[in-house]
> 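This is the structure I have questions about; it appears just below.
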Amino acid sequence: MIMQTILIEKNAGIGRLILNRPQRLNSFNETLHQELASAFHTLSQDSEVRVIVITGQGRGFCAGQDLSESSTEQGIPLPLEGSLERYYNPLIQNIRHSAKPVVAAVNGVAAGAGANLALACDVVIAKYSAQFIQSFCNIGLVPDAGGTWMLPRLVGYAKAVGLTLLGEAIDALEAERIGMIWQAVADDQFDAKVDALCEKLAQRPTQALAFTKQALQRSSEHSLAQQLELERNLQYFALHSYDFKEGVQAFKQKRPAVFLGR
Ligand code: T3D
């Protein structure tokens, strides 16, 4: 599949989507929206892929919506309506509901919807030099792409409101410190750490991981009783999986488990 704005790599159970508009810090134009949706769908349907990674080409991860394409020559803003319904909202839902773990490998600045694209992913790993900016307020917009849902849940109201009302950059170490991302790593170790993380996830019991995502995501809307019931239902399926049998056998035989993801 030849794409203009996305590079797709597939290797050893890992499907990698590289946002590829480096001259615009991988900001979203119409083509990138369409190609990312299509590439994400392709990797989601591919049974050989057990983890999906989203990263950026060049020095940025993603600078959100392409602002150079959103105004007329007179500088009058064109209506961007529709892009949330058509592109951002389905993308965020598809990432959250993906039956595979989705990793954001944040190689550089992540701003606006680019920051919230990263936060929608299950595991966020970032270079020390990467920055996260809820830049919407800097141009008179409201955070979108799920930011107002994710942020209070990740970092609490005080930090969420500060980040979104001030629109200041925070670096990856601070993002890790406040619980916004999984891990910040030194720039020169980033590629190796991302590979190791993805290799590990690709070898985990994929179906059980999908159930785990489901349970965690439902928890905020459930009572404890509802959540216990959901866990019981999901565990029923996990108990009947190949990977559970293999996990127990491997434990008894004192060897590493070889999970097949089913
Ligand atoms: O309905 C809807 O669609 C609304 C949806 C909205 C979703 C959103 O994401 S709104 C938020 C949009 N994004 C931003 O406001 C961020 C804008 N960018 C920046 O603030 C800065 O570029 C960064 C802080 C991200 C990085 O700064 P810096 O100094 O490292 O780089 P730079 O020099 O500003 O950018 C490098 C180039 O990328 C530059 O082009 P040039 O001058 O070298 O030709 C710059 O114009 C371009 N670029 C950066 N961000 C965008 C962009 N071009 C188009 N759109 C961008 N968002």
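Note that ligands are numbered from 1 as they come in the structure, with each ligand's atoms numbered from 1 the same way.
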> Would you check if there is a donor-acceptor pair between the side chains of Glu35 and Thr5 at a distance under 3.5 Å?
yes
> If the cut-off is 4.0 Å to any non-hydrogen atom of Gln23, which atoms of ligand 1 fall inside it?
37 (C), 38 (O)
> Ring centres of Phe28 and Tyr88 under 6.0 Å apart?
yes
> Closer than 4.0 Å to some heavy atom of Ile133 - which atoms of ligand 1 meet that?
24 (C)
> Do any nitrogen or oxygen atoms of Leu141 lie less than 3.5 angstrom from nitrogen or oxygen atoms of ligand 1?
no
> Pull out every atom of ligand 1 sitting under 4.0 Å from any heavy atom of Ser83, numbered as shown with elements.
1 (O), 2 (C), 3 (O)
> With a cut-off of 6.0 Å (strictly less than), are more than 12 heavy atoms of other residues, nucleotides or ligands near CG of Asn11?
no
> Considering Glu85, Arg24, His33 one by one, which has a heavy atom nearer to atom 39 (C) of ligand 1 than any of the others?
Arg24
> Check contact between Gln131 and ligand 1, using heavy atoms of the residue and a distance below 4.0 angstrom.
no
> Got an N/O contact under 3.5 Å between Gln65 and ligand 1?
yes
> Going by an N to O cut-off under 4.0 Å, is there a salt bridge joining Asp195 and Arg16?
yes
> So if I count the atoms of ligand 1 from 1 in the order they appear, which ones are less than 4.0 Å from some heavy atom of Ser27?
54 (C), 55 (N), 56 (C), 57 (N)
> What I want to find out is whether Arg255 reaches Glu246 closely enough, with some N-O distance under 4.0 Å, to be called a salt bridge.
yes
> As a test of understanding, state which of Asp171, Asp187, Asn107 forms a side chain to side chain donor-acceptor pair (under 3.5 Å) with Ser129.
Asp187
> Just heavy atoms, cut-off under 4.0 Å: does Asp144 contact ligand 1 by side chain, backbone, both, or neither?
side chain
> Evaluate the ring planes of His33 and Tyr87, with Trp represented by its six-membered ring, and classify them as parallel (under 30°), tilted (30 to 60°) or perpendicular (over 60°).
parallel
> What residues join Leu230 in its hydrophobic cluster, counting side-chain heavy atom gaps under 4.5 Å, either direct or through other members?
Phe211, Leu234, Tyr236, Phe237
> Numbering the atoms of ligand 1 from 1, which are under 4.0 Å from a heavy atom of Phe136?
7 (C), 8 (C), 9 (O), 10 (S)
> Which atoms of ligand 1 sit under 4.0 Å from any heavy atom of Gly64?
9 (O)
